[in-house]
Amino acid sequence: MGTKFEGFPNVIYAQQFSRIFLEKYFLPLTDEMQVLFENRGCELLRGKRMISFFYQPSTRTRMSFEMAMDYLGGKVVFSTENAREFSSGAKGETLMDTINVINRYRPDVIVIRYDHKIGAELAAKVSHVPIINAGDRKPGQHPTQALLDWRTIFKHRGEIDGLKIAMVGDLDKGRTVRSLSYLLGKFKGVKIYFVSPPNTRMGSDVKRYLRRHNVEFTESTDLRKIAPLVDVVYQTRAQTECGTIINRKHGYFIVDKTILDLMRTDAIIMHPLPRVDEITVEVDSDPRAVYLTKQIDSGLFTRMALLKMILSPKS
Ligand code: CP
């Protein structure tokens, strides 16, 4: 396997990435991408064309993929964040037909965020062009977010083994925590503390996977009890567009000054964003808060590395 991941060149699930691939190949490549970024880019992907086709809104994922393509000298030839309205999806065209048609234009990669099922998996079945999953629904994965979260944690701790992480909020619908859980299952001695009200607990599919991979986890409702124990507090928002409500009467799920005071000085606070009110703004200036800084940077370097690997594997 080595320099390639399972299922290469499609990126559909977080489970595709092995520990060896992540540590030995992917991490150094993201560091190389950081250097290229600091030098304001290169022409490595000159002549390569990307289509970013999003059926759901996005700020970070779409922009960072598009900026990544630009920093590497490639082109984004078509981009929408509302393909349901601004493509023939609005007239009832199926995803399969859309992907077949896009393939005829011979782009080099398609980045897709789909609003039902695992759209990227369906797309990859018919596409001759690499497909990258930029987030989907049911059961929900966001593999490139997991990669950037993994990098953020690795850069902070220097390793993943022995990590203690609290995942907080909407664990049922939040695809980032699902993908990150799958990725952490590749490492040793990881302990995950799921903190959520009863209606947004982590799915049984992820919990079964964690048991199979000997990842210890607990489920509870009070972040105040968990905050002192962990290296990472990973907060998520309620996916209100899917009908989720985080009822604060059922426990303590907010990251605020109370939680800051309880956390270890060497811990970090992460959030995939967008943030609504589940992290109070007073937390932003704490040095442990990385969701508006290092986590964002990791997103760009991670997506540059993926595009480089998929579109120019030999250079
Ligand atoms: N983290 C994330 O997926 O953000 P966007 O929805 O803005 O892409």
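This one's a predicted model, so the numbers in the text were calculated from it and none came from an experiment.
- With hydrogens and angles ignored, the 3.5 Å screen pairs no side-chain donor or acceptor of Asp170 with any backbone N or O of Ala238.
- Between the side chains of Arg62 and Ser52, no donor-acceptor pair is found at a separation under 3.5 Å.
- The residue from Asn82, Thr61, Thr80 that alone fulfils the side-chain contact (heavy atoms from CB on, under 4.5 Å) condition with Phe54 is Thr61.
- Heavy-atom contacts from other residues, nucleotides or ligands closer than 6.0 Å to NZ of Lys207 number more than 12.
- Tested against Thr30 for a side-chain hydrogen bond (donor to acceptor under 3.5 Å, both in side chains), the candidates Lys155, Arg151, Arg303, Lys308 yield a single pass: Arg151.
- Side-chain atoms of Tyr13 and Glu121 form a donor-acceptor pair, as typed in the model, at a separation below 3.5 Å.
- In this structure, Phe194 has its ring center closer than 6.0 angstrom to the ring center of Phe217.
- Residue Met33 holds its CE atom at 11.0 Å from OG1 of Thr302, rounded to the nearest 0.5 Å.
- Counting only heavy atoms from C-beta outward, the side chains of Leu95 and Ile112 approach each other to under 4.5 Å.
- Residue pairs meeting the side-chain hydrogen bond (donor to acceptor under 3.5 Å, both in side chains) criterion with at least one member in residues 208-217, sequence neighbours excluded, are Lys191-Glu216.
- The CD atom of Glu6 sits 11.5 Å away from the CZ atom of Phe21 when rounded to the nearest 0.5 Å.
- No side-chain donor-acceptor contact under 3.5 Å links Thr244 and Gln239.
- Using a 3.5 Å distance cut-off with no hydrogens or angles, the side chains of Asp149 and Gln295 do pair a donor with an acceptor.
- Hydrophobic clustering (side-chain heavy atoms under 4.5 Å, transitive across Ile, Leu, Val, Met, Phe, Trp, Tyr) keeps Ile296 apart from Leu306.
- The only option from Arg84, Lys138, Arg137 that meets the salt bridge (charged side-chain N to carboxylate O under 4.0 Å, His left out) definition with Asp115 turns out to be Arg84.
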